[in-house]
Each structure stands twice: as structure tokens, then as C-alpha cells.
Amino acid sequence: MTQAIRTLPGPLGPAPARCLVLCLVSTAATGAGLLLPAALGHTLDLLLTRAPATRWVLYCAAIVVLLALLDACETVLGGTVDARTTAWLRRRLTGHVLAVGPRAAARFGPGDLVARLVGNAAQAGTAPTARAALLAALAGPVGAVVALALIDPWLAAVLLAGAPVLALLLRAFARDTRECVTRYQQAQGRMAQALSEAVGGHRTIEAAGTADRETARILRPLPELSDAGHRMWRVQGRAAGRSVAVAPLLQLGVVAVAGVLLAGHRLTVGEVLAASRYAVLATGVGVLVGHLAGLARARAATARLGEVLAEPAPGYGDRSLPPGPGRLELRGVTARRGGRAVLDGVDLVVPGGTTLAVVGRSGAGKSLLAAVAGRLAEPDAGEVLLDGVPLRALTHGALRRAVGHAFERPALLGGTVEEEIGLALSSPSPARIREASRTAHADDFVRRLPRGYATAVADAPRSGGESQRLGLARAFAHGGRLLILDDALSSLDTVTEARITAALVDGGPHAGTRLLIAHRAATAARADAVAWLDGGRVRAVGPHERLWRIPEYRAVFADGGVADGGVADGGVANGGVANGGFADGKFADGERP
């Protein structure tokens with residue numbers, strides 16, 4: 001079990017003291033079990049010789065009561081330690097997965113992560129109890145052999161002659177069980193992942209009428225699961241069968257030698273009784289088989305948790321941000337996904353207090369750029385700075401206070417509407433939440449809900465656009481010097497989108513910097529400038545009205561019409577180059593080589 005524990009970084013278990021007490025109680029129960037045969041044998045000898053035996057009878061009764069109490073304590077302690085360890089593992093795994101971010105789900109899959117968090121964590125949580133039980137189970141045979149040697153060395157010699165065979169049986173059983181359990185848990189994880197995918201795409205499945213096909217896909221690992229499960233039973237049955245064949249022979253050998261010694265008056269009847277009981281304890285392979293099976297399951301589950309915990313989480317520095325307007329700078333940023341450079345050496349500067357729209361065809365790297373800019377994803381090369389400080393050097397709190405996000409599909413996590421909007425705030429005020437809601441044009445439909453802002457999100461019927469407005473309200477309430485909108489306006493009608501974009505651009509000199517992933521020409525036209533991504537590179541940066549003259553830029557927009565937001569929209573008048581917003585010259589006009 002020690003090797004299993006080492007697969008997890010850091011110590012395993014929230015209460016080492018409880019684990020130690022459990023080990024002591026289990027060992028004490030084994031010790032009491034070893035005392036009982038000797039006490040019974042001596043009591044029997046006293047009774048046969050008609051000597052006073054009351055005291056020894058009481059001793060035997062006391063040992064039986066002690067065994068019952070220790071067994072009860074072991075059961076309660078074992079259950080408590082299992083529950084606490086499982087809860088500790090689940091908290092640790094959940095925190096680590098959230099710290100790693102999307103990379104964890106991309107590698108393991110959401111369904112497999114849930115299987116590890118629920119099932120594997122529960123199995124790994126039994127590790128301390130399994131270790132204590134195994135130590136006690138091993139102490140029993142060792143103590144029994146010592147007791148036999150104290151009765152007569154020949155009894156211990158007979159038993160030790162067959163010990164290598166039993167050891168080989170247990171070793172083979174542990175190896176085969178570990179392999180079966182690993183296969184079983186891996187098949188469980190694949191089924192959970194397939195089920196998670198099907199639940200997430202249930203509307204598509206229903207629309208396509210492919211429920212039967214998806215059911216077959218989810219259950220595809222079932223034969224492997226069944227085979228691994230049956231093999232576990234076969235391995236355990238084979239080990240138990242072999243031990244049944246070997247252990248009784250050793251027990252009969254011990255009893256036979258004890259009989260010979262009794263006939264030679266070297267042993268008493270009570271000692272023969274004790275020797276027979278110790279022979280049973282010393283060859284108790286069945287108990288060891290059960291404990292080894294539990295230990296193998298815990299070890300395999302621990303290894304699966306260790307795979308997740310080995311995924312490195314981003315580190316943070318110890319710096320805070322100096323006063324500044326929120327100037328964002330990307331220097332030579334390269335980010336790869338699936339072996340391909342989605343962002344390739346991106347250099348970009350967003351002056352503080354301005355709005356930059358990022359446009360490009362599907363797959364150009366817009367969302368990844370937004371994630372890298374807010375350090376929701378790590379670049380493979382290059383650096384991102386906010387007001388001259390690398391994001392890696394900031395503390396976690398300083399970074400998250402400074403950068404707000406809004407997404408295409410905001411996650412509404414189950415609280416009330418007011419709690420969801422104020423999610424990132426330590427002490428949200430109703431006034432701030434309602435102001436942010438009004439800015440996101442969500443206040444009207446929230447007030448129409450059954451309990452207004454106190455309505456539970458699960459009970460709030462809403463469209464995709466209304467969900468996006470709640471996400472935008474949360475981002476506005478968060479504040480900060482940098483606001484990143486990753487396609488967060490895509491589900492809004494054009495009128496609402498125009499109003500929110502205008503509020504972003506006309507937010508005043510202290511409104512912070514805005515990075516906006518845009519798909520509509522009208523949105524790009526209202527921004528102070530546009531960064532045009534093409535093939536993972538920044539092809540051009542400048543005001544929308546000048547980039548619009550380039551045919552390839554116009555082709556980026558599906559509608560492609562001036563009426564939807566070209567120069568005729570007048571968006572550039574809200575804050576383009578003409579108003580001096582980009583006087584530092586970082587946004588050049590026209591294409592870059």
C-alpha cells in the first residue's frame with residue numbers, strides 16, 4: 001500500500017492520528033486473538049487436572065469481551081477514516097481539476113473525471129483502512145508461528161516448510177488482481193465519458209433519432225468490463241482454491257506432530273488445542289486474500305487519481321499590479337493544440353482604456369487568444385503582460401481581480417440570479433449588481449422572473465441571449481482593469497448587441513480595457529480598433545473602416561455587407577484612431593507583412 005500512496009503527491013489522508021489509532025486497534029485485536037488460544041489451552045489443562053480454573057475462565061471471558069470491543073472500535077474507526085479520506089481526496093481532486101482548467105477535461109474527458117472523482121476516490125479512500133487491516137492480518141500468521149515455536153519448535157518448523165508455497169500464491173494473486181482491477185476501472189471511465197457526451201448532446205441525438213446507436217456506443221466497453229470483472233472473480237477463486245488445498249495440509253501436519261508430541265508427553269492436551277488454533281491462524285490465507293483484493297482495488301484507484309493530480313496546475317507569482325490603465329501586451333505568444341500552432345508568434349498591444357475587437361475566420365485562434373490574454377490558458381512560448389507586469393508573476397488574487405471574463409455560453413452554477421451575477425465578488429452589493437444588470441440589458445427580464453433577483457437560476461426560464469446577458473452582467477459587476485468578452489454577444493439580437501457594444505466603448509476614461517471577440521462587422525466597427533487574425537497570426541491591426549477596404553477582411557464576415565456594420569455604421573466615430581485612442585502607434589493602418 002505504501003507504493004500506492006506514493007503515486008499521489010503529498011500525504012494521503014486528512015487525519016494521520018486516526019489512521020495510527022486504527023492501526024493500533026487492529027493490531028491490538030490481533031494480539032488479543034493470539035492470546036485467546038493459549039488462555040483456552042491453559043484453562044483446559046487446569047480443568048482436566050481438576051485444579052482451580054476460575055481465574056483463567058474469567059481471563060478467557062475478558063479476552064472475548066475485549067475482542068468484541070476492539071472489533072466494534074475497528075469498525076467505527078474504519079468507517080470514519082474511509083469517509084474522511086474519501087472526502088479529502090474528492091476536495092483535493094476537485095480543487096486540482098479546477099486549478100488545471102480545461103486542460104484536465106481535454107486530456108481525461110468530463111465523464112472519466114467524474115468517474116475518478118466519485119468511484120475511484122471512494123475506492124482509494126479505503127486505502128488507510130485496507131493497510132491497517134493488512135498489517136493486522138499479516139501480524140496474525142507471524143504471531144501464530146511465534147506462538148507455535150514457543151509451544152514446540154517442531155510445530156513451527158512444519159508450518160514454515162509450507163510458507164514459501166503460500167507466499168507464492170499470495171504474490172501471484174496480488175499481481176493478477178491489480179491487472180484486472182485496472183482494466184475494470186478503465187472500462188468504467190470510458191463508459192462514463194461516453195455517457196457524459198451523450199447527455200451533453202441529447203438534443204442532437206433526439207433530433208437525429210440515433211438513441212439506439214448512442215446506447216450501443218455507451219455500452220461498447222461493457223464486454224471488457226464484464227471480462228475484467230469475471231477474471232477478478234476467477235483470480236480470487238483460484239487463489240482461494242489453491243490455499244484451501246495447501247492450508248489444510250499444513251494444519252494437519254501441525255496437528256499430527258502435536259499428536260506425536262502429546263503421545264511422548266512433551267505436550268499437554270491444552271497445548272495441542274492451542275497449537276491447532278495457531279495452525280489455523282498461521283494459514284489463514286483466505287483472510288489475506290480478501291484484504292489483498294481490497295488493497296489492489298484501492299491501489300489501482302489511487303493510481304488513477306494520481307494521473308489527474310500529476311497534471312501540472314499553473315503557478316502564480318507574488319507580485320501585485322501597479323496603478324495603470326490596463327495596457328495589455330502579447331509578446332511572441334505561441335500556443336499549440338493537438339500538435340498545431342493555433343497562435344504563432346503573436347505580437348499585440350492594447351492601450352489602456354480602449355476597446356479592441358479580434359476578428360478572424362473559424363479556427364483562426366480568437367478564443368485561444370482571449371484565453372491566453374486572461375491566463376485561462378498557458379502559451380507554449382512568449383509572454384503576456386498587463387500594465388507591464390507578466391501575468392505569470394501576479395498572485396492569483398491580483399490576476400483575477402484585475403481581469404474579468406464573459407463567455408459565449410456562461411456557466412450559471414445553481415444559485416439565485418443575484419448570486420450568479422455577483423459570483424466573483426466577495427461582498428456584492430445589490431446596487432452594484434443591478435447597475436451591472438442594467439448595463440447588460442438584463443434588468444428588465446430579471447424583474448419579470450417570479451422572484452426577481454432572488455429567483456433560483458434553475459427556476460428561471462431564459463433564452464440563450466438572456467443567459468448571455470446574465471454572463472455579461474456578471475462580467476460588468478466584476479469590474480477590473482481588463483474585460484475579455486469571448487464571443488459573449490453572439491446570441492444577442494442586433495439592437496441589444498449594439499447597445500451593449502456602445503456601453504463598452506463609451507464607458508468613460510476609467511472603464512478599463514476591453515478585448516472583444518467579434519463575429520459581426522457592426523461590432524468590429526464600434527470598437528476603437530480591430531486585430532485581424534489569420535492562420536494564427538495577426539495579419540493587420542487598425543480601425544475597421546480602413547481594414548474594410550481589404551477584400552480578404554470583408555470576406556471574414558459572413559454577411560459581408562456595409563449595412564451590417566461597415567463604414568456606414570458610423571461605429572468608428574465612437575473612438576477610432578481619429579480620437580487619439582491609439583496615439584502610441586501600436587495599431588498601424590492596413591496590412592502587416
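We number each residue from 1, following the sequence as shown.
Between the side chain of Thr86 and the backbone N or O of Ala83, no donor-acceptor pair lies under 3.5 Å. Looking only at distances, no side-chain donor or acceptor of Ser437 sits under 3.5 Å from a matching main-chain atom of Ile433. Checked by atom type and distance alone, the side chain of Arg90 pairs as donor or acceptor with a backbone atom of Val118 at under 3.5 Å. Listed for the Glu420 side chain is a donor-acceptor partner under 3.5 Å among the backbone atoms of Gly415. Between the side chain of Thr334 and the backbone N or O of Gly345 there is at least one donor-acceptor pair closer than 3.5 Å. Using a distance-only test at 3.5 Å, with no hydrogens or angles considered, a donor-acceptor pair links the side chain of Lys366 to the main chain of Arg361. With hydrogens and angles disregarded, a donor-acceptor distance shorter than 3.5 Å links the side chain of His96 to the backbone of Leu309. For Ser196 (side chain) and Ala192 (main-chain N/O), no donor-acceptor pair under 3.5 Å exists by modelled atom type. Thr439 places a side-chain N or O within donor-acceptor distance of the main-chain N or O of Glu435, the cut-off being under 3.5 Å. In this structure, Thr501 contributes its side chain and Ala498 its backbone to no donor-acceptor pair below 3.5 Å.
Using a 4.5 Å heavy-atom threshold, the side chains of Phe108 and Val308 count as touching. Counting heavy atoms from C-beta on, the side chains of Thr494 and Arg520 come closer than 4.5 Å. Between Phe445 and Arg469 the shortest side-chain heavy-atom distance falls below 4.5 Å. By the 4.5 Å heavy-atom criterion applied to side chains, Leu376 and Phe407 are counted as neighbours. Between Gln123 and Gln185 there is a side-chain heavy-atom pair separated by less than 4.5 Å. Using a 4.5 Å heavy-atom cutoff, the side chains of Leu483 and Thr513 are not in contact. Looking only at side-chain heavy atoms (C-beta outward), Trp532 and Ile550 come within less than 4.5 Å of each other. Two residues are said to be in side-chain contact when any heavy atoms from C-beta on lie closer than 4.5 Å; Arg375 and Val384 fail this criterion.
Of all the heavy atoms in Ala518 and Thr523, the pair that sits closest is CB-CG2, 3.9 Å. Nearest heavy-atom pair across Pro314 and Ala99 is CD-O, 3.2 Å. Pro379 and Ala335 get closest at one heavy-atom pair: CA-CB, 4.5 Å. Across Thr355 and Asp528, no two heavy atoms sit closer than the pair N-OD2, 2.7 Å. Scanning both residues, Ala398 and Ser320, for their nearest heavy atoms gives CB-CA, 4.4 Å. The minimum heavy-atom distance linking Ala377 with Arg337 is given by the pair CB-NH2, 3.6 Å.
Side-chain atoms of Glu224 and Gln186 include no donor-acceptor pair closer than 3.5 Å. Between the side chains of Asp493 and Thr496, at least one donor N or O sits under 3.5 Å from an acceptor N or O.
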Check against side chain to side chain contact (heavy atoms under 4.5 Å, CB included), Val538 and Leu330: CA-CA 11 Å; Val538 178; Leu330 282 71; over 6 Å; no
* Steps toward salt bridge (Lys or Arg N to Asp or Glu O under 4.0 Å) verdict (Arg217, Glu214) -> CA-CA 5 Å; Arg217 184 179 73 89; Glu214 282 302 306; 3.0 Å; yes
Using the side chain to side chain contact (heavy atoms under 4.5 Å, CB included) rule, take Val346 and Leu343 through it: C-alpha gap first, then chi angles, then the decisive distance, then the call. CA-CA 6 Å; Val346 172; Leu343 297 177; 4.1 Å; yes
Checklist entry - Which is it for Leu305 and Leu89 under the side chain to side chain contact (heavy atoms under 4.5 Å, CB included) test, yes or no, and what are the steps along the way? => result CA-CA 9 Å; Leu305 298 186; Leu89 283 170; 4.1 Å; yes
| Check against side chain to side chain contact (heavy atoms under 4.5 Å, CB included), Leu412 and Arg474 | CA-CA 10 Å; Leu412 302 174; Arg474 182 160 61 196; 4.1 Å; yes
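Remark: Arg434 qualifies as a cation-pi partner of Tyr453 under the 6.0 Å distance and 45° angle criteria applied to the six-membered ring.
Every side chain to side chain donor-acceptor pair (under 3.5 Å) that Arg304 has, sequence neighbours left out, goes to Asp112, Asn120. Among residues two or more places apart in sequence or in another chain, the side chain to side chain donor-acceptor pair (under 3.5 Å) test is passed with Arg462 by Ser467. Here Arg432 pairs with nothing under the salt bridge (Lys or Arg N to Asp or Glu O under 4.0 Å) rule; sequence neighbours left out.
Ion pairing between Asp459 and Arg451 fails under the 4.0 Å rule for side-chain N and carboxylate O. Under a 4.0 Å N-O distance rule, the pair Arg327/Glu329 qualifies as a salt bridge. Of the charged side-chain nitrogens involved, none lies within less than 4.0 Å of a carboxylate oxygen, so that Glu383 and Arg392 do not count as a salt-bridged pair. The pair Arg116-Glu307 meets the salt-bridge criterion, with a side-chain N (NZ, NE, NH1 or NH2) lying under 4.0 Å from an Asp/Glu carboxylate O. One finds no salt bridge joining Arg448 and Asp444 here, because no Lys/Arg side-chain nitrogen approaches an Asp/Glu carboxylate oxygen to under 4.0 Å.
For the atom pair Leu470 CG and Leu423 CG, the distance stands at 12.0 Å (nearest 0.5 Å). Between atom OG1 of residue Thr395 and atom CZ of residue Arg400 there is a gap of 10.5 Å, rounded to the nearest 0.5 Å. Going from atom CG of Leu386 over to atom CG of Leu399 covers 8.0 Å, rounded to the nearest 0.5 Å. A distance of 4.5 Å separates NE2 in His405 from CD1 in Ile484, rounded to the nearest 0.5 Å. Between Ser367 atom OG and Glu408 atom CD the span is 7.5 Å, to the nearest 0.5 Å. One finds the CZ atom of Arg92 at 12.0 Å from the OG1 atom of Thr94 (value rounded to the nearest 0.5 Å).
Not less than 6.0 angstrom separates the ring centroid of His478 from the ring centroid of Phe476.
Under the side-chain contact (heavy atoms from CB on, under 4.5 Å) test applied with Leu515, the options Val403, Leu369, Asp486 reduce to a single match, Leu369.
Under the 30°/60° scheme for interplanar angles, the aromatic rings of Tyr553 and Phe557 are found to stand perpendicular.
Atom CZ of Arg537 sits in a sparse spot, with 12 or fewer heavy atoms from other residues, nucleotides or ligands closer than 6.0 Å.
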